[in-house]
Asks: 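Below are the structure tokens for one structure; questions will follow.
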Amino acid sequence: MFVPSPPTDNLYKFLFIAGIVTYLLAFHEMRALKQAWYEQAEVVQTQFIDLSLDSLSREDGLFKLERELDVIRRSKLDDSTQVRMIENVSRHVDDHLEKSIALIRNRGNYLREKREMERLENDFESSYHLLRRATWVGFAMALTGGLLWYIKLQRHEDAIQRIAGLKASEELKGMTKRKT
């Protein structure tokens with residue numbers, strides 16, 4: 001009974017090429033994953049800075065309101081001047097309320113982005129370790145396939161070609177000696 005043997009030459013080459021492709025894809029995905037994580041971290045950091053600046057601006061607005069209210073309380077001005085000052089304070093109160101509402105919205109956005117960042121960080125850790133293992137597996141596949149291909153097949157092919165080259169060289173020397 002004839003049992004066919006698999007074409008090991010192709011299997012070793014396939015293992016070698018599959019290992020290189022696995023290594024390169026895993027390495028590329030690791031870099032892309034890191035880049036996405038750093039971009040998200042930058043967004044969260046920028047939102048935190050914006051939130052801090054808005055908070056400081058809001059505190060500054062409160063100090064202005066307190067100063068103007070103190071001036072109105074202490075002043076002994078006529079009614080029209082007090083009305084103008086009260087309108088001015090009213091405008092500042094409206095501005096302060098708008099800034100407070102914007103600050104609350106920004107804080108909500110920041111907290112949402114921060115939760116997203118924490119989720120990405122957990123995904124990043126597990127995916128990064130998996131991809132790092134895939135790079136090692138790809139490297140091992142390429143190394144194993146390349147070594148097996150060379151040791152079991154290519155080394156013998158090289159020896160056969162070397163012997164054929166020596167025989168051809170000897171025949172050429174023999175032919176040149178007969179002609180002279």
Asks: Measure the spacing between OH of Y12 and CG of L147 and express it to the nearest 0.5 Å.
Replies: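 CG of L147 is found 11.5 Å from OH of Y12.
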Asks: The test is side-chain hydrogen bond (donor to acceptor under 3.5 Å, both in side chains); show your working for R31 and H28 and say whether it passes.
Replies: CA-CA 5 Å; R31 291 180 55 84; H28 170 71; over 6 Å; no
Asks: To the nearest 0.5 Å, how far apart are NZ in K167 and CD in E171?
Replies: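 So the gap between those two atoms works out to 8.5 Å.
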Asks: Checking S169 side chain against G165 main chain: does a donor-acceptor pair fall under 3.5 Å?
Replies: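 Checking the backbone N and O of G165 against the side chain of S169, no donor-acceptor pair under 3.5 Å is found.
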Asks: Quick check for you: to the nearest 0.5 Å, what is the distance between E29 atom CD and L130 atom CG?
Replies: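 Rounded to the nearest 0.5 Å, the CD-CG separation comes out at 11.0 Å.
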Asks: Where is the tightest heavy-atom contact between S127 and L33, given as atom of each residue plus distance?
Replies: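 Of all heavy-atom pairs spanning S127 and L33, the closest is CB-CD2, 3.6 Å.
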Asks: Which value, rounded to the nearest 0.5 Å, describes the distance between K13 atom NZ and L15 atom CG?
Replies: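 Output value for this atom pair is 13.5 Å.
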Asks: Would L166 end up clustered with M175 when hydrophobic side chains under 4.5 Å apart are linked, directly or stepwise?
Replies: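 In one cluster: no.
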Asks: For M141 and T22, work out which heavy atoms get closest and say how close.
Replies: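 In terms of heavy atoms, the two residues are closest at CE-OG1, 4.5 Å.
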Asks: Among D158, I151, L153, which residue satisfies the side chain to side chain contact (heavy atoms under 4.5 Å, CB included) criterion with R155?
Replies: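 When side chain to side chain contact (heavy atoms under 4.5 Å, CB included) is applied between R155 and each of D158, I151, L153, only I151 qualifies.
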Asks: What's the spacing between E170 CD and K173 NZ if we round to 0.5 Å?
Replies: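 These two atoms lie 7.5 Å from each other.
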Asks: In sequence, state the C-alpha distance, the side-chain angles, and the governing distance for Q161 and E157, and then conclude on side-chain hydrogen bond (donor to acceptor under 3.5 Å, both in side chains).
Replies: CA-CA 6 Å; Q161 287 180 2; E157 288 289 326; 4.7 Å; no
Asks: Should the pair F139 and W136 be assigned to parallel (<30°), tilted (30 to 60°) or perpendicular (>60°) ring geometry?
Replies: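 Taking W136 first and then F139, their aromatic rings stand perpendicular (interplane angle over 60°).
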Asks: Hydrophobic clusters here meaning ILVMFWY residues chained together by side-chain heavy-atom distances under 4.5 Å, can you tell me if M30 and V137 are in one?
Replies: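 In one cluster: no.
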Asks: If you measure from CZ on F27 to OG1 on T135, what distance do you get to the nearest 0.5 Å?
Replies: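 F27 atom CZ to T135 atom OG1 measures 8.5 Å (nearest 0.5 Å).
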